[in-house]
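In what follows, chains carry the letters A, B, and so on, assigned in the order in which the sequence lines appear, proteins first and then strands, with residues in each chain numbered from 1. Below, each value reflects all heavy atoms present in this structure, side chains not excepted, and no hydrogens, waters or symmetry copies. Everything numeric in this text was worked out from a predicted model, so none of it was measured.
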Amino acid sequence: MNNNDSHNAPGDEVKYRPGIIESKWQKKWADTSLYRTEDEVEGKENRYHLTMLPYPSGDLHVGHWFAMTPSDALARYFRMQGYNILFPMGFDAFGLPAENAALKGDTHPQTWTEQNIKKMRDQLRQMGAMFDWQREVNSSLPEYYKWTQWWFLQLFKNGLAERKKAPVNWCLDCETVLANEQVINGTCERCESTVEQRELEQWFFRITDYAEELLDNGELDWPEPVKIMQRNWIGKSIGADVSFRMETNNPSDDSEIRVFTTRPDTLYGATFMVLAPEHPLVSKITTQEQKNEVANYIEQTKLATEIERQSTDREKTGVFTGAYCVNRLNEEPIPIWISDYVLSTYGTGAIMAVPAHDQRDFEFAQKFNLQIKPVVQQLDVPELEIEEAYTGSGKLINSESFNGIDNIVAIEQITEYLAEKGWGEKKTQYRLRDWLISRQRYWGSPIPMIYCKACGIVPVPEENLPIELPFDVEFRPTGESPLNLSDDFVNTKCPECNEEARRETDTMDTFMCSSWYYIRYCDPNNETNAIDRDIANKWLPVDQYTGGSEHAVMHLLYARFFYKAARDMGLVPGDEPFTRYYSQGQILGPDGKRMSKSRGNVVPPDDQVTKWGADTFRAYLMFLGPWEQGGPYDIDGIVGISRWLNRVWNLVNNKSNLSNTENVETTEKLRYLNHNAIAKVTTDIENKQFNTAIATLMSLTNDLYTLRTNTTIDSTIWKETTDNLLLLLAPFCPHIAEELWEIVGNNYSIHQHSWPEYIESFTKEENIKIPMQINGKLREHILIPRNATETEVLELAKKLERWSEIVGSNEIIRIIYVPERLLNIVIKPVT
RNA sequence: GCCGGGAUGGCGGAAUAGGCAGACGCAGCAGACUUAAAAUCUGCCGAGAUAUAAUCUCGUGAGGGUUCGAGUCCCUCUCCCGGCACCA
């Protein structure tokens, strides 16, 4: 008998119509506030799940679905496990695209953003995710950025926000400065256009104060590659600061050059010095004869873009200053050069060059015919025969009293010696720079600072927040902050002396907004505080964060810094914002390339939802492959999920072949299938292996189908089985699970039901089939009782028909029985 | 250059802790149902040998090794993807 026949009998047809049931349940969930999260629920532990909030570009992308729906499934699973789950959503709504769109079209960034949010909110609702929309945040609303500004003031009061002059990255196209993290290969992270260095006074957050603590991320339950990326970005180096006396005819001149080196052991091999062209000493020390050449070189450097300057395969350039300093260890004179391969922003902006043991210095020395002096033994060859720098270890040579000492030991000894003499000291350097947060753009949160001629830099009093972003402003990028053009905005009174003063007109980097949004979700409507301390204790830190690893050294590092600063102000509990973080991969176009309009490989999620339904689309995205891996979206594969859900639908709706008489064998088989699936799906979800969880559910569906087609089943055990199937399905496909749950007569809502538990003994069958190998090669299968001993298994094996054929009279030299897994018989031919 | 991750059928992928390679799905092939198609259902679906089979051989990027047994562990190499890139 065919299930489908009876199901399709006239008058009995109930077809799976995703479009109808999905909107039905989305409405009911909203009407009954099913996903409304209270801060406290009796008997339930709070658990905070979070997926990165989107930028309101105006159109939800498959990438959003790929990132958010598995995250939703995970949150739903933990909800069913009995936790009180916070799973919020919002919009990272400040940023350049709004301005760019406004410049192209006849609209305002605010209008554009509002419209986009409205559209995207609807698109997000179609996912059927358990977002608590009452906690939505929008970082561009004054109710939100009031607190972004408030945080700025707290950082300022705690000495973590400062205005300083520094060489900064300037994007020529965006006409604004950028943080170091936002410059990729010398180009702007957003618009990919050229970035150049400018010396400007800007607002910085002192993230470097937390370098050491940020580096210490080993205990975090985060993907190892992301932690490594952060550690590399912070870039800790231990070495020494060493000072070299300037050689001068004037005995009262005690000026010196300080360098940072990780190789104090090679100090005797320093044969020249190199200063960054921007180094302040350059103008002081350059001799009359070299003045022109040096000035020309500095001019050239300024003209070079960051891409040109940072290119490693470019030949080294530089000029001699004419000046010398003295290596205090041996009183030898050392010529001082300048070159752009030395960065003014790292260390002291000057280096001692040891060409024998540093490849960059080696290349420079070769180009300009400078002395190469080996000081580590392995390189004890005539100077002309040296082909590259030796960076390995060895005993010191040419180093006077340090000769013969292992260079690793010499690092310590020479550093100590320098310290004793007052010529240097041990030093730790970080590659990480302070976080530059000023932006010369309109669509961002104004920086709440005031410049007063008399009082200097004065923070806006907290009670005057928010400093609202004026709507009516000419925001065309001119390289000058648009807010500067608004007299109403700029002109103000000094909060201290009440005299005429000017407001800061730069806005904040939008990464500032996203550094604390997860804090605001906990208490989104609080008008007197950024977050209530009691509520913070209830939810923070985030238990499970998910999102793309492209944010590894930007958002994720900034947020960690921010949270630690907030902790030190006593405002949030714990040391880290995100206890667990998991990065999903990237979904690609069907052609395996990044989806983009220009490539024409974009798969619009709305179309997929219309065609297949949200549940099918969700499950397909989770089924494609490992979540962390991402990969191409195969437009044809989704039909498999659609077929599966239809089978589930028919399986549960079908009333045929059910009876009231129990068949013990069938019941046992059903229990086994059922509990096995519960066990597998449970561990898979916990490990975020959604693809295999869904494969398990498919297998279960197939097995139930087969059993149902071939046997008559007791209706009680059948309902128990299908109920469990629906519960296991609920996190992945919340709508169909809810609909079928209702159809079989269960109470609303399946999503308030607890996750099924499996019974260990049911997950195993009495008799199992194990492979039997001869010399490690598969020869037969044998059916054995699960707890059989080796002897019993061997007896069963000997009863096999093929025993004499495959073993015969050969000598058995070893028997390996792995309980419940395999039997391997090692034989040797009798000669 | 440095630091990560990876390579398994026609395709996406699966495989506790070293134990039946290819679960699950797509595509494909054959059949059932149908006037027909779609949908659905059933079966097959890594390569090769043999008479269909039973069975055997080969097979997880390449080469070597450890082991009764290797996709999994060790060594060497190739290619692909991601990050950083003159950080002294």
Side-chain angles (χ1 to χ4, degrees), chain A residues 2-5 7-8 184-186 223-229 231-233 235-237 239 259-263 266 274 309-314 316 339-343 345-354 357-361 363-364 429-433 549-550 552-553 585-586 592 620 623-626 628-641 643-644 646-647 650 683 689 691-699 701-702 705-706 709 769-781 802 805 813-818 820-827:
Chain A
N2 188 317
N3 284 324
N4 213 42
D5 286 347
H7 171 64
N8 283 333
I184 316 286
N185 287 332
E224 217 49 48
V226 172
K227 291 198 279 188
I228 292 168
M229 267 193 256
R231 286 200 287 263
N232 290 345
W233 186 260
K236 181 180 184 173
S237 299
V259 301
F260 170 72
T261 178
T262 54
R263 295 293 305 273
T266 62
V274 190
R309 218 183 136 164
Q310 287 182 7
S311 166
T312 35
D313 37 65
R314 191 175 55 120
K316 296 270 179 292
S339 172
D340 62 7
Y341 85 88
V342 174
L343 307 174
T345 47
Y346 183 78
T348 61
I351 61 157
M352 63 175 212
V354 185
H357 304 290
D358 181 286
Q359 189 58 26
R360 297 154 301 184
D361 299 344
E363 285 163 20
F364 194 85
Q429 273 290 337
Y430 300 93
R431 211 186 72 117
L432 182 72
R433 315 276 163 82
S549 61
E550 67 271 20
V553 294
Q586 198 174 40
Y620 184 51
F623 180 68
L624 272 175
E628 68 186 330
Q629 195 179 300
Y633 186 86
D634 174 9
I635 206 94
D636 296 317
I638 193 169
V639 70
I641 299 286
R643 285 175 190 152
W644 166 54
N646 269 293
R647 284 160 66 80
N650 294 336
T683 52
Q689 286 158 340
N691 57 330
T692 50
I694 288 172
T696 304
L697 291 176
M698 287 174 168
S699 289
T701 310
N702 292 345
Y705 238 90
T706 308
T709 312
K769 199 172 76 171
I770 63 161
M772 171 180 162
Q773 300 180 336
I774 301 293
N775 290 348
K777 280 183 194 274
L778 178 68
R779 281 296 174 270
E780 264 295 344
H781 284 105
R802 290 184 65 216
E805 181 199 335
I813 52 175
R814 198 171 158 192
I815 289 164
I816 294 138
Y817 174 62
V818 184
E820 298 178 41
R821 296 209 72 105
L822 119 163
L823 175 70
N824 185 14
I825 298 171
V826 186
I827 60 171

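- B:C11: Watson-Crick or G-U partner is B:G25, with both key distances under 3.5 Å.
- Residue A:Arg431 places at least one side-chain N or O closer than 4.0 Å to OP1 or OP2 of B:A85.
- Both A:Gln629 and A:Gly349 lie near RNA chain B, and the one whose nearest nucleotide falls closer to the 5' end is A:Gln629.
- Between the CD atom of A:Glu820 and the C1' atom of B:G18 there is a distance of 18 Å, given to the nearest Å.
- A straight line from CD of A:Glu363 to P of B:A88 spans 16 Å, rounded to a whole angstrom.
- Listed pair A:Asn702 / B:G25 meets the phosphate criterion, a side-chain N or O lying under 4.0 Å from OP1 or OP2.
- For A:Asn232, the listed nucleotide lying nearest its side chain is B:C3; candidates were B:A88, B:C3, B:G4.
- In this structure, A:Leu822 reaches the bases: a heavy-atom distance under 4.0 Å links it to at least one base atom across the strands shown.
- Atom NE2 of A:His357 is separated from atom P of B:C86 by 23 Å (rounded to the nearest Å).
- At B:C2, none of the side-chain N or O atoms of A:Arg231 fall inside 4.0 Å of OP1 or OP2 (strictly under the cut-off).
- In this structure, A:Arg814 atom CZ and B:G19 atom P are separated by 16 Å, rounded to whole Å.
- Looking at A:Tyr633, its side chain never comes within 3.5 Å of a backbone N or O of A:Leu624 through a donor-acceptor pair.
- The distance between atom CG of A:Asp358 and atom C1' of B:G1, rounded to the nearest whole Å, is 13 Å.
- Proximity of A:Lys777 to the phosphate of B:C58: a side-chain N or O atom is located under 4.0 Å from OP1 or OP2.
- In this structure, OG1 on A:Thr266 lies 7.0 Å from NE2 on A:His357, to the nearest 0.5 angstrom.
- For B:A88, the OP1/OP2 oxygens have a side-chain nitrogen or oxygen of A:Ser237 closer than 4.0 Å.
- Taking atom CZ on A:Arg647 and atom P on B:U42, their separation rounds to 6 Å, with Å as the unit.
- Within the 4.0 Å cut-off from OP1 or OP2 of B:A54, not a single side-chain nitrogen or oxygen of A:Arg779 is found.
- For B:U55 and B:G61, the C1' atoms lie 31 Å apart once the distance is rounded to whole Å.
- Under the 4.0 Å criterion applied to side-chain N and carboxylate O atoms, A:Asp340 and A:Arg314 are assigned as salt-bridge partners.
- A heavy-atom distance below 4.5 Å is found between the side chains of A:Met698 and A:Ile641.
- Annotation: B:G31 and B:C20 have their P atoms spaced 36 Å apart (nearest Å).
- Pairing partner, B:G69: none, since no Watson-Crick or wobble contact has both distances short of 3.5 Å.
- One interatomic measurement links the two molecules: CZ of A:Phe623 to P of B:G25, which rounds to 7 Å at whole-angstrom precision.
- Once rounded to the nearest 0.5 Å, the distance linking CD of A:Glu780 with CD1 of A:Ile825 reads 11.0 Å.
- Closest approach to the A:Ile228 side chain among B:G4, B:C20, B:A88 is made by B:G4 (side chain taken as heavy atoms from C-beta onward).
- Within 3.5 Å, a donor on the side chain of A:Gln773 pairs with an acceptor on the base of B:G19, or the reverse.
- Remark: A:Asn691 is in phosphate contact with B:A14, judged by side-chain N or O atoms under 4.0 Å from OP1 or OP2.
- For B:C86, the base has a donor-acceptor partner in the side chain of A:Lys316 [N/O atoms by modelled type, under 3.5 angstrom].
- As judged by a 4.0 angstrom heavy-atom cut-off over every strand, A:Val553 is placed among residues making no nucleic acid contact.
- Judged by Watson-Crick or G-U wobble contacts below 3.5 Å, the nucleotide B:A39 has no partner.
- Note on A:Leu624: only backbone sugar-phosphate atoms sit closer than 4.0 angstrom, heavy atoms only; bases stay farther off.
- The same atom, P, is picked in B:G63 and in B:G59; the two are 9 Å apart, to the nearest Å.
- Taking atom C1' in both B:C41 and B:U34, the straight-line distance is 13 Å, to the nearest Å.
- Of all non-hydrogen atoms in A:Pro626 and A:Asn691, the two that sit nearest each other are N-ND2, 3.6 Å.
- Glycosidic conformation, B:G63: anti, with the torsion outside 90° of 0.
- Between B:G65 and B:C26, the distance separating the two P atoms is 42 Å to the nearest Å.
- Across B:A15, B:A21, B:G83, the shortest atom-to-atom separation from the side chain of A:Leu778 is found for B:A21.
- Using a 4.0 Å heavy-atom criterion, one finds that A:Pro626 contacts the sugar-phosphate atoms exclusively.
- Residue A:Arg643 places at least one side-chain N or O under 4.0 Å from the OP1 or OP2 atom of B:U40.
- With a cut-off of 3.5 Å on both Watson-Crick or G-U wobble distances, the partner of B:U34 is given as none.
- Taking atom C1' in both B:G69 and B:A17, one finds a spacing of 15 Å when rounded to whole Å.
- Taking the side chain of A:Ala695 as heavy atoms from C-beta on, and the options B:C24, B:C56, B:A88, the nearest nucleotide is B:C24.
- Sequence order on RNA chain B of the closest nucleotides to A:Asn646 and A:Asn824 puts A:Asn646 first from the 5' end.
- A:Asn232 and A:Arg431 are not linked by any side-chain donor-acceptor pair at a separation below 3.5 angstrom, with hydrogens and angles left out of the test.
- A cation-pi geometry, defined here as NZ or CZ lying under 6.0 Å from the six-membered ring centre and within 45° of its normal, does not hold between A:Lys316 and A:Phe364.
- B:G82 and B:C3 make up a base pair, with Watson-Crick or G-U wobble contacts both under 3.5 Å.
- In this structure, the side chains of A:Asp358 and A:Arg263 stay at 4.5 Å or more apart for every pair of heavy atoms.
- Comparing the P positions of B:G6 and B:C75 gives an interatomic distance of 16 Å, to the nearest angstrom.
- Under the Watson-Crick or G-U wobble criterion, with both distances below 3.5 Å, B:C56 is paired with B:G48.
- Annotation: B:A21 and B:G43 have their P atoms spaced 23 Å apart (nearest Å).
- Each of B:C26, B:C86, B:C68 was ranked by its minimum atom distance to the side chain of A:Asp636; first place goes to B:C26.
- Nucleotide B:A21 holds its C1' atom 13 Å from the CZ atom of A:Arg821, rounded to whole Å.
- Pairing of B:U16, defined by two Watson-Crick or G-U wobble distances under 3.5 Å, is not identified with any nucleotide.
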